[in-house]
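Okay, so here's the structure we're looking at.
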Amino acid sequence: MILLRHPVCGTLRGARSLSTRASAILSSLDIPVGAELPGVYDGQWSGSGEVLESVCPATGEVLARVRSATPDELHEALGKSKEAYLHLRTVPAPKRGELLRQIREALSAKRDVLGALVTLEMGKIKTEGIGEVQEFVDICDYAVGLSRMMNGRVVASERPGHTILEVPNPIGVVGVLTAFNFPVAVYGWNFALSVAAGNANVWKPSPSTPLCSIAVTKIIAGVLEKNGLPGAVSTLITGGKNVGEAIVESRDIPLVSFTGSEAVGRVVGKAVQSRFGKSILELGGNNASIIMPDADMQLAVPAVFFGAIGTAGQRCTSTRRLYLHRAIAPKFLDALQKLYATINVGDPLVDGTLLGPLHTRAAVGIYSDAVQRLRQSGAEILTGGKTYDHAALSQGNFVQPTISIPKTADPADKIWSTETFAPILNVGLFDELEQAIEWNNAVPQGLSSSLWTRDIRNLGKWIGPEGSDAGIVNVNVGTSGAEIGAAFGGNKSTGWGRESGGDAWKQYVRWSACTVNFSDAAPLAQGVDFST
Ligand code: NAD
């Protein structure tokens, strides 16, 4: 049974005055309460286009109305960001690093309240909201170091008196289109590397999380202003599909970094390719944990619990598939269900809440449809499968975390092969690791995966050529909660993109191969003789 421990406070859907719960957070971030907010920033704040409503997923309260860009404002903002790039590219990289250090400090000073805004607007619990801002802080730290380490190469030339350099230079304006579920961190991953590389950025956030983007942009803008740099280094254009399409189609934006669903990513990827732009695609995941009989249950059970229920199942890395070795399946499921029964559901801003709401009403419908499909196909629902009917939760988008055992483990079945962005965990039983790896790899997506074992032979297989084909291949670590140091991203229909650490920065520059002749002769390569 799910225990309800925290009542949700807040005003009812459509109410006029903002709850103290919400207004305290907005005021601490210098966001005017009650007024219609401009949703475009390019050095100046503007916005007289379509109105976006920010709705609290826990209470249904309308938090703010934000004005997006008109086509003219959009055009002007893109022009300003191009000018900002022309300026920023002349600033030495370590000076750009110093700028990022100051942005890091400014974000860190507001970390907790900005985290609370993520919770208020997106719906994830407070510790995860704060953790998301911490990720932005961490990637700034990384990019400060990077600003002195974005090394090119000196390559040996076959010609006497010649040398070859591989030189990274800024690429231009980077378009960053982000999803609702990480309304702060994903921009951070892109922005920090991109600014270190010398680029200006145009951010189009999810239309349902405009407040997070406005708060982040205000913080960044303050630092840019203090340093006498153009605000359009970090341009913000809130809006929906039309704004996204304008960025995707703009020939002034050589690189588009898109985070979102596979369906939209497919359209974006093709559109950018058709104008010979570059794209980074970070799309849907359908992540599996595999539990071997020798796994440490004390560690594996809580990890699966967090992976499946964290952010109410709305992380791209959420655990959606659980493959249990038949020998330990009953014991594992028993322990997991006991944990599910202890979950605190309620206001995600209250300490101790572990389960907040889904982000939108529409997501509740998607959850209910998926559960219905499971039931119709004969799946056994071990726990959950319903929305909450408790009065205190009725204004929010709360759904019960669900564990199901589908009738078949056939990975081609839609139940297994599609990403349902909700806390539904499907369980399959296997006898041999090879079978579990085959199932792990048989779905279209390839973001995250996790194997639980103490046997080094299993580990070797899992991380090697016969192992998981995902971009994240963990051992005794759950599928979600990656650190910024490694390149983050997935393969196959997750889009092959990489962001954050590792070599991800190399995508934010244009590479030049420069052959330099410092001799008194001009020989041709490969011994070609073109003399007359
Ligand atoms: P979404 O695809 O609906 O929207 C993503 C962004 O694309 C939004 O800003 C949206 O306004 C914009 N958009 C919509 N149509 C567009 C178009 N035609 N052209 C350009 N832009 C357009 O995704 P969502 O519901 O906000 O986010 C959830 C999805 O994101 C999930 O599938 C999740 O797995 C994925 N995600 C992936 C990662 C990752 O790193 N792989 C991280 C976070 C979220």
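All ligand and atom numbering here is 1-based and tracks the order in the structure.
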Practice prompt. Please confirm whether F488 comes within less than 3.5 Å of ligand 1 when only nitrogen or oxygen atoms on both sides are compared.
Written response: no

Worksheet item: Is there at least one pair of N or O atoms, one from S261 and one from ligand 1, spaced under 3.5 Å apart?
Response: yes

Worksheet entry | F191/Y508 aromatic ring centres below 6.0 Å | no

Worksheet item: With sequence neighbours excluded, what pairs up with D138 under the salt bridge (charged side-chain N to carboxylate O under 4.0 Å, His left out) test?
Response: none

Item to complete: Could you see which bit of V268 sits under 4.0 Å from ligand 1, with heavy atoms only: side chain, backbone, both or neither?
Response: side chain

Worksheet item: For ligand 1, which part of E419 has a heavy atom less than 4.0 Å away: the side chain, the backbone, both, or neither?
Response: side chain

Worksheet item: If every non-hydrogen atom of T259 is compared with every non-hydrogen atom of E499, which pair is closest and at what distance?
Response: OG1-OE2, 3.9 Å

Practice prompt. Identify the protein heavy atom lying closest to atom 36 (N) of ligand 1, giving its residue, its atom name and the separation to 0.1 Å.
Written response: C316 CB, 3.6 Å

Fill in: L26 and L18, any side-chain heavy atoms less than 4.5 Å apart
yes

Worksheet item: Taking only residues two or more places apart in sequence, or in another chain, which ones meet R375 in a salt bridge (charged side-chain N to carboxylate O under 4.0 Å, His left out)?
Response: none

Response to the item:
Between the CD1 atom in I219 and the NZ atom in K110, the distance rounded to the nearest 0.5 Å is 6.5 Å

Worksheet item: Where is the tightest heavy-atom contact between W45 and P38, given as atom of each residue plus distance?
Response: CE3-O, 3.5 Å

Worksheet item: Can you tell if the side chain of Y85 reaches within under 4.5 Å of the side chain of V174, non-hydrogen atoms only?
Response: no

Worksheet item: Any side-chain heavy atom of I130 within less than 4.5 Å of one from D112?
Response: yes

Worksheet entry | Min N/O separation V248 to ligand 1 under 3.5 Å | no

Discussion item. Could you check whether atom CD of E53 has more than 12 heavy atoms from other residues, nucleotides or ligands sitting under 6.0 Å from it?
Written reply: yes

Discussion item. Considering non-hydrogen atoms of the protein only, which is the closest contact for atom 24 (P) of ligand 1, and what is the distance?
Written reply: F180 CD2, 3.7 Å

Worksheet item: Atoms of ligand 1 less than 4.0 Å from S206 heavy atoms?
Response: 9 (O)

Worksheet item: Is L177 touching ligand 1 with its side chain, its backbone, both, or neither, if touching means heavy atoms under 4.0 Å apart?
Response: side chain

Worksheet item: Should T178 be counted as touching ligand 1, given the test is an N or O pair under 3.5 Å?
Response: yes

Worksheet item: What are the atoms of ligand 1, with element, lying closer than 4.0 Å to any heavy atom of K241?
Response: 15 (N), 16 (C), 17 (C), 18 (N)

Discussion item. Show me which atoms of ligand 1 lie under 4.0 Å from any heavy atom of G285.
Written reply: 34 (O)

Worksheet, complete the sentence: atom 43 (C) of ligand 1 sits nearest the protein heavy atom N181 OD1, 3.2 Å

Discussion item. Taking only non-hydrogen atoms of P205, do any sit less than 4.0 angstrom from ligand 1?
Written reply: yes

Worksheet, complete the sentence: heavy-atom search around atom 35 (C) of ligand 1 in the protein gives G260 O, 3.2 Å

Worksheet item: What atoms of ligand 1 come within less than 4.0 Å of a heavy atom belonging to E245?
Response: 18 (N), 19 (N), 20 (C)

Discussion item. So for P207, does at least one of its heavy atoms come nearer than 4.0 angstrom to any atom of ligand 1?
Written reply: yes

Fill in: Top protein contact for atom 7 (O) of ligand 1, by heavy-atom distance
F258 CE1, 3.1 Å

Practice prompt. Measure from atom 4 (O) of ligand 1 to the protein's non-hydrogen atoms and state whether any distance is below 4.0 Å.
Written response: no

Worksheet item: Charged N to carboxylate O below 4.0 Å: is that the case for E76 and K80?
Response: yes

Practice prompt. Could you find the nearest protein heavy atom to atom 13 (N) of ligand 1 and give me its residue, atom name and distance?
Written response: V264 CG1, 3.9 Å

Discussion item. Please list the nearest protein heavy atom to atom 27 (O) of ligand 1 with its residue and the distance rounded to 0.1 Å.
Written reply: A179 CB, 3.2 Å

Discussion item. Run W416 and Y323 through ring pair (Phe, Tyr, Trp, His ring centres under 6.0 Å) and show every step you take.
Written reply: CA-CA 12 Å; W416 293 99; Y323 295 125; 5.5 Å; yes

Discussion item. A side-chain contact here means heavy atoms from C-beta on lying under 4.5 Å apart; do E282 and F258 qualify?
Written reply: no

Worksheet item: Hey, which atoms in ligand 1 end up nearer than 4.0 Å to a heavy atom of T259?
Response: 5 (C), 36 (N), 37 (C), 38 (C), 42 (C), 43 (C), 44 (C)

Worksheet item: What is the closest protein heavy atom to atom 12 (C) of ligand 1, and at what distance does it sit?
Response: K204 CE, 3.9 Å

Discussion item. Testing the basics here: between C140 and L107, what is the closest heavy-atom pair and its distance to 0.1 Å?
Written reply: SG-CD1, 4.3 Å

